[in-house]
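A quick write-up on the structure given underneath.
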Amino acid sequence: MIDETDRQLLDWIGGIPSLKQTKVSLAPPAETETAEGIGLYLMELVQSQPARTARRPPLLMTLRYLVTTHAAKPEDAHQMLEDLLVDAFKKQKLEVEQEPLPLAVWSALGVAPRPAFVLRMPFKYEPEEKLAQRVKTSMVVQQVPLRSFSGQIVGPEPEKIPLMNVRVELPTLELSTNTDSKGKFSFSAVPATTGPRLLRVLAKGQEFLINTEHDGSEMDPLVIPLKLEG
């Protein structure tokens, strides 16, 4: 399954006219690279929490690829990176992270920081299930009422500075949005169910999984303070 994603990204790069003949490596970036090339390193697999159901849930992951370029001339590497970034932005199936890469990542890789960006690719594996027995009773359809769910992402106490352009996801509903200039986010229509609700928050290259029973109504929005590292 992951090798299929690798091939998709390799085909994507090969389809960019200016990069058609450029060598692409899946290995981590190295300090001594001088020849012209592109790095496409699978840096991390992030697990998403599926909804709890009676059946075995699928395996949901997000693959984070570190995209780098290298050439004898820095300006050539920068141009290749621009071609990749612009084309990725045009492709609806390619998600570019807007948060800067933490310096700790480069330290862990043992290389100096360089211009780069991270692509996020979905990964889903569903185990085979045995066929259920035939239902002999009539099906009853119940409509679930919908309502809005909103909140605000802020920095740690006591300042609680609003955080702009933070990605907020409802993994079980496959919904996502970004915070505005006041750190606010809103989902216009989510099921009005009771019990905990899982939120996945991405800010400055860091991920937070938050379970909350707050209803997130417009009259009483949810406020989430984040303790960001670095």
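To the nearest 0.5 angstrom, L226 atom CG is 12.0 Å from K160 atom NZ.
Under the 4.5 Å side-chain heavy-atom criterion for Ile, Leu, Val, Met, Phe, Trp and Tyr, L26 and F123 are members of the same hydrophobic cluster.
Not counting sequence neighbours, the partners of S148 by the side-chain contact (heavy atoms from CB on, under 4.5 Å) test are E218.
Counting heavy atoms from C-beta on, the side chains of Q8 and L94 never come closer than 4.5 Å. Between V67 and Y41, every side-chain heavy-atom pair lies at or beyond the 4.5 Å cut-off.
Salt bridge absent: E36 and K23 never bring a charged side-chain N and a carboxylate O closer than 4.0 Å.
A side-chain donor-acceptor contact under 3.5 Å links Q152 to the backbone of K182. Side chain of Q206 to backbone of E229: a donor-acceptor contact under 3.5 angstrom is found. With hydrogens and angles ignored, the 3.5 Å screen pairs no side-chain donor or acceptor of R197 with any backbone N or O of D215. A donor-acceptor pair is defined here as one N or O able to donate and one able to accept, closer than 3.5 Å; such a pair exists between the side chain of T179 and the backbone of V166. Not a single donor-acceptor pair under 3.5 Å links the side chain of T69 to the backbone N or O of M80. For the pair H70 (side chain) and A77 (backbone), a donor-acceptor distance under 3.5 Å is absent.
In the model, R167 has a side-chain atom that pairs as donor or acceptor with a side-chain atom of S176 under 3.5 Å.
Through direct or relayed side-chain contacts under 4.5 Å between Ile, Leu, Val, Met, Phe, Trp and Tyr, V154 connects to V223.
Seen from the ring of Y65, R120 does not count as a face-on cation partner, given the 6.0 Å and 45° thresholds.
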